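A short write-up of the structure that comes next.
Per chain, numbering begins at 1; letters A, B, ... match sequence-line order. This structure is a prediction, so every number in the text was calculated from the model and none was measured.
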Number of protein chains: 2
Amino acid sequence: MVTIHDVARHAGVSAMTVSHVINEHPHVKDATRERVLQSMTELDYRVNVAARNLRTGRTGTIGLAVPEVNRPYYGQLGAAIIEEAARHFLHVVIEQTGASRENELDALALSRNRMYDGLILSTVGLGPADTDLLRVDYPVVILGERIFDGPVDHVAMPNVAGAKAAVAHLVEAGCTAIALVEGVDFQETSVSGLRMAGFESALAEAGIEVDPQLIISVDVFSLASGVRAAQQLVASGRVFDGVFCITDTIALGMLRGLHELGVRVPQDVKVIGFDNIEEGGYSVPSLSTVDPDHAFMAKRAVELLVRRIASGSSGVDPQEVTSAFRVVARESSSG
Amino acid sequence: MVTIHDVARHAGVSAMTVSHVINEHPHVKDATRERVLQSMTELDYRVNVAARNLRTGRTGTIGLAVPEVNRPYYGQLGAAIIEEAARHFLHVVIEQTGASRENELDALALSRNRMYDGLILSTVGLGPADTDLLRVDYPVVILGERIFDGPVDHVAMPNVAGAKAAVAHLVEAGCTAIALVEGVDFQETSVSGLRMAGFESALAEAGIEVDPQLIISVDVFSLASGVRAAQQLVASGRVFDGVFCITDTIALGMLRGLHELGVRVPQDVKVIGFDNIEEGGYSVPSLSTVDPDHAFMAKRAVELLVRRIASGSSGVDPQEVTSAFRVVARESSSG
DNA sequence: CTGAAAGCGCTAACAT
DNA sequence: ATGTTAGCGCTTTCAG
């Protein structure tokens, strides 16, 4: 491994001068700089970030911890955050928490370990009870999903309002018996809980009573879950003419499941999801959904994190912003 | 930030003893260990990986560099590699290269910078001309995609054979005029080039001549590209009864595009993709594809990398393994 | 079983 | 404009 000293010796200067060149300090004579640069190239020198980090406490990298890397929604989120971070000359690395509370805490710990300058945590495992654990002295931004008064910056999704609008959209489209597919582990502050609240609120406003038989719980937010939910719904014998699935992935599975059972969408049943993942625009029929403005969320999350990193003021005066949303009406709810 | 010295002082021992406890060295009296552990908990101590790394040269983390995080195929790959790495007690971080040669080289550089113990690089930008740049002295495994005689371990996809089998499957299903949707930037060693070779080989064997009019090039492997390819194909006026898309994502777009144009799949045209992404099992109609055995690729890639890390023998006697494949026949090519 | 010394590669703060 | 000193937090080596 070639070090700064090797370069210094080769260029006939001190290590300090090499450091100055690397860090683009102004007071270096052009000729010297050239010579050092030349030596760096010849020796194929690369800075050792571990050593630099040990000294400066900065890595130039931020972490993004998501529940599942293999989920379109998080892929999209990752892409948006990478793009936004690049504007601030920050590198992004993504890691998976498996939606478990422990791993989310691990990610926090790793960040604190100074592997990253800060962490954007898309949490689903942590809840209001973990507020204290989030009270850390390094830059963290919580993204989307759950909502609670944490000690850190939080970019929230319009879960309740968005879900309400989605269901209201079904009502407007003429649905009177609307089913809900939600996550089994719902609490008041979880994605499921919040979107379910929106569902109930919309029905109440429309004067429709909630039919417990039309509420299906799934354990994971997967395509397979959507198919199973469709089967359960049809098997129940209950009539229904609309379904709100709390994620697009589930909704896409629902579309497939209903198709297999000979239920026509949107003629017999209208379907709407939540998240506006890219795939929803290309299914047959295309999927109506709620767009929570990923780009906005990514932008704000990175901005908040960058501010914390720059100011070193972690934990004081936590900000909370909620993105706007819009209902995207496509074929699955038309007619 | 609490350091090893703080813990040492608190526990009334030396920093060295704390280090021994952390690293589970055997020669520490139980009572001492308990005391140290207790202090670590009380002070909420976390090792500083930058410092440890500086000393040991190990981080316990491996990198996975993929062209695009927002692509189902890479999401799946990431999930499989994370799972496999966990078996070896290794952490995985994912970064995006944007399918550019420069960024792939950057990822290599970062890895060399000892941010990671090793790197799994899913390359599309690097080609045979870059062989020398891969001649690095730290653990690297090249995954899938392109194929060329590199100086590092390589886990390859069965691109040619798999594509050939896919097209042969269409022939068996009765197709006689088969279209191909491939990437515009194909070279002999690229994904497109290789899968195209399989396409041509299958047609030759079936005694069908390649119709250049039925070969559509797309610039990115996206759903939108698939839709556009369908439009081009139909607009050309050429008759065709089968389409091989070189990735499932394109194929899913093709399904949607054909649907919009009133072309029935599989009655009028049969479609097959490549990659076996989860979504293909849930589209309407479900998508036939080639399964390149992700799990195997992930397993071998991690194993090869771990061996290199352990032995420190980077660059000597590079291994090359190719995964097996199987054609998955679903609705889009049935009947 | 425990600890003292030394140094990993780099840079902040200060000379010169 | 360039160099000296010191030390980031940790662990390897070796001595007690």
Polar side chain donor-acceptor pair, [X] to [Y], under 3.5 angstrom:
X	Y	answer
B:T59	B:D117	yes
B:S39	B:H10	yes
A:H154	A:Q319	no

query = Is A:S19 near enough to C:dT11 that one of its side-chain N or O atoms lies under 4.0 angstrom from OP1 or OP2?
reply = yes

message = Does D:dT11 have OP1 or OP2 under 4.0 Å away from a side-chain N or O of B:N23?
response =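 Looking at the OP1 and OP2 atoms of D:dT11, one of them is under 4.0 Å from a side-chain N or O of B:N23.
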
Output a table of nitrogen or oxygen pairs between the protein and nucleotides 1-5 of chain C separated by less than 3.5 Å.
from  : atom 1 : to    : atom 2 : distance (Å)
C:dT2 : OP1    : B:T32 : OG1    : 2.5
C:dT2 : OP2    : B:K29 : N      : 2.8
C:dG3 : OP2    : B:S14 : N      : 3.1
C:dG3 : OP2    : B:S14 : OG     : 3.2
C:dG3 : OP2    : B:T17 : OG1    : 2.4

ask   = In terms of side-chain heavy atoms of B:L54, which of C:dT11, D:dT12, C:dG9 is nearest?
value =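 Selected nucleotide (nearest to the side chain): C:dG9.
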
key: Candidate nucleotides C:dT11, D:dG9, C:dG9, ranked by approach to the side chain of A:N48 - the nearest   =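 The listed nucleotide nearest to A:N48's side chain is C:dG9.
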
key: Residues B:K299, B:E303: salt bridge by 4.0 Å N-O rule   =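 Result for this pair is yes, salt bridge flagged.
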
ask   = Any Lys/Arg nitrogen of B:E104 or B:R101 sitting under 4.0 Å from an Asp/Glu carboxylate oxygen of the other?
value = no

Between [X] ([atom1]) and [N] ([atom2]), how many Å, whole number?
X	N	atom1	atom2	result
A:L43	C:dG9	CG	C1'	15 Å
B:R58	D:dT12	CZ	C1'	15 Å
A:H25	D:dG3	NE2	P	15 Å
A:R46	C:dC10	CZ	C1'	17 Å
A:D6	C:dG9	CG	C1'	11 Å
A:I22	C:dG9	CD1	P	13 Å
A:I4	D:dT5	CD1	P	17 Å
B:N53	D:dG9	CG	C1'	12 Å

message = Categorize B:R52 for me: base, sugar-phosphate, or nothing, with a 4.0 angstrom heavy-atom threshold over every strand shown.
response = sugar-phosphate

Student check: side-chain heavy atoms of A:Y74 and A:L64 closer than 4.5 Å =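 Not in contact.
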
query = Taking side chain as C-beta onward, heavy atoms only, is B:V316 less than 4.5 Å from B:R308?
reply = yes

